[in-house]
S.K.: 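Right, I'll just put the structure down here and ask away after.
Note that the coordinates shown come from a computational prediction; the quantities given were computed from them, not determined experimentally. Naming: A, B, ... by sequence-line order, numbering from 1 per chain.
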Amino acid sequence: MQDSHARVYAAIAAIPPGRVASYGAIAARAGLPGRARLVGKLLGEVPDGMELPWFRVLRSSGEIALPKGSRGFREQVRRLCAEGVEVKNGRVALSAFGLDADLDRALWGAI
DNA sequence: GGTTTGACTGAAT
DNA sequence: CATTCAGCCAAAC
């Protein structure tokens, strides 16, 4: 297991229920700034059965990254809804559910 | 070993 | 709002 993988998984696992984060934010928190695509790639290879809140990861725009109507897409919407995250037309309001500065600091303790 | 691809992003048009 | 473009990088071709 690569170090970067473990950090990405940790960053995702640390997102609190009812909140979401962007691929870029996860990458940055994993110490891999500018590598959002790598995060997406990793998520695509997460083995089934691994406990990981992958559904809390969205595009920076708040849209779900998976193709609309695909199985994964529906799964993601379903899980987010179950946690109280409002998904409208395949999209989440990051202003309401994204991690803001305070929560970010509380979670990661950084800066 | 060059090219393409991808669950991305941000700025510009 | 949609398109385009340039960064980004591991993996697959």
S.K.: Within the sub-3.5 Å range, which N or O atoms of nucleotides 11-13 of chain B have a protein N or O partner, and how far apart are they?
M.R.:
none

S.K.: What is the distance, to the nearest angstrom, from the CG atom on A:L58 to the P atom on B:dA7?
M.R.: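 So the two atoms are 15 Å apart, to the nearest Å.
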S.K.: When the distance from CG of A:L38 to C1' of B:dT9 is rounded to whole Å, what number comes out?
M.R.: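 Answer to the nearest Å: 14 Å.
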S.K.: For a quick test of reading the model: is some side-chain N or O of A:S60 closer than 4.0 Å to OP1 or OP2 of B:dG10?
M.R.: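 Yes, A:S60 has a side-chain N/O under 4.0 Å of OP1/OP2 on B:dG10.
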S.K.: List the steps and the verdict of side chain to side chain contact (heavy atoms under 4.5 Å, CB included) for A:V92 and A:E86.
M.R.: CA-CA 6 Å; A:V92 171; A:E86 193 177 355; over 6 Å; no
S.K.: Please determine, for the side chain of A:A36, which listed nucleotide (B:dA7, B:dC8, C:dA10) has the closest atom?
M.R.: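 Output: B:dC8.
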S.K.: Heavy atoms from C-beta onward define the side chain here; which of B:dA7, C:dA11, B:dT9 lies closest to that of A:S22?
M.R.: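 Nearest to the side chain of A:S22 among the choices is B:dT9.
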S.K.: So does A:G69 get a backbone contact from the side chain of A:R74, meaning a donor-acceptor N/O pair under 3.5 Å?
M.R.: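 Checked: pair present.
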S.K.: So if I apply the side-chain contact (heavy atoms from CB on, under 4.5 Å) rule between A:I64 and each of A:R91, A:R59, A:Q76, which one comes out positive?
M.R.: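 Testing each of A:R91, A:R59, A:Q76 against A:I64, the sole residue satisfying side-chain contact (heavy atoms from CB on, under 4.5 Å) is A:Q76.
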S.K.: Given that A:K41 and A:G34 both sit by DNA chain C, which one's nearest nucleotide is further toward the 5' end?
M.R.: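 Result: A:G34.
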S.K.: Do A:R56 and A:E83 sit within salt-bridge range, that is, some charged N less than 4.0 Å from a carboxylate O?
M.R.: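 Judged by the 4.0 Å cut-off on N to carboxylate O distance, A:R56 and A:E83 do form a salt bridge.
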S.K.: I'd like the P distance from B:dA7 over to C:dG7, given in whole Å.
M.R.: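 Taking atom P in both C:dG7 and B:dA7, they lie 23 Å apart.
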S.K.: Rounded to whole Å, how long is the line connecting atom CG of A:L32 with atom P of C:dC9?
M.R.: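 Interatomic distance, CG of A:L32 to P of C:dC9: 10 Å.
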S.K.: To the nearest Å, give me how far apart CZ (A:R71) and C1' (B:dA7) are.
M.R.: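 Spelled out: CZ on A:R71 to C1' on B:dA7 is 16 Å.
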S.K.: Between B:dG6 atom C1' and A:L42 atom CG, what is the distance in whole Å?
M.R.: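 To the nearest whole Å, that distance equals 12 Å.
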S.K.: To the nearest angstrom, how far is A:R59 atom CZ from C:dC8 atom P?
M.R.: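 My rounded result for the distance is 20 Å.
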S.K.: Just how far, in rounded Å, is P of B:dA7 from CG of A:L52?
M.R.: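 Rounded to the whole Å, the gap is 17 Å.
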S.K.: With respect to A:V8, which candidate in A:L52, A:V46, A:I26, A:L43 satisfies the side-chain contact (heavy atoms from CB on, under 4.5 Å) definition?
M.R.: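 Among A:L52, A:V46, A:I26, A:L43, the one meeting side-chain contact (heavy atoms from CB on, under 4.5 Å) with A:V8 is A:I26.
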S.K.: Whole Å only: how far is the CG atom of A:L43 from the P atom of C:dA10?
M.R.: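 Result: 16 Å.
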S.K.: By nearest nucleotide on DNA chain C, pick out whichever of A:R37 and A:R91 is the more 5' one.
M.R.: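 The answer here is A:R91.
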S.K.: Under 4.0 angstrom, heavy atoms only, what part of the nucleic acid is A:G24 near: base, sugar-phosphate, or nothing?
M.R.: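 Here A:G24 touches the backbone only, sparing every base.
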S.K.: State plainly whether the residues A:E75 and A:R79 are in salt-bridge range, i.e. N to O under 4.0 Å.
M.R.: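 Answer for the salt bridge query: yes.
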S.K.: Can you tell me how far the OH atom of A:Y9 sits from the CG atom of A:L42, to the nearest 0.5 Å?
M.R.: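 Taking OH in A:Y9 and CG in A:L42, the distance rounds to 5.5 Å.
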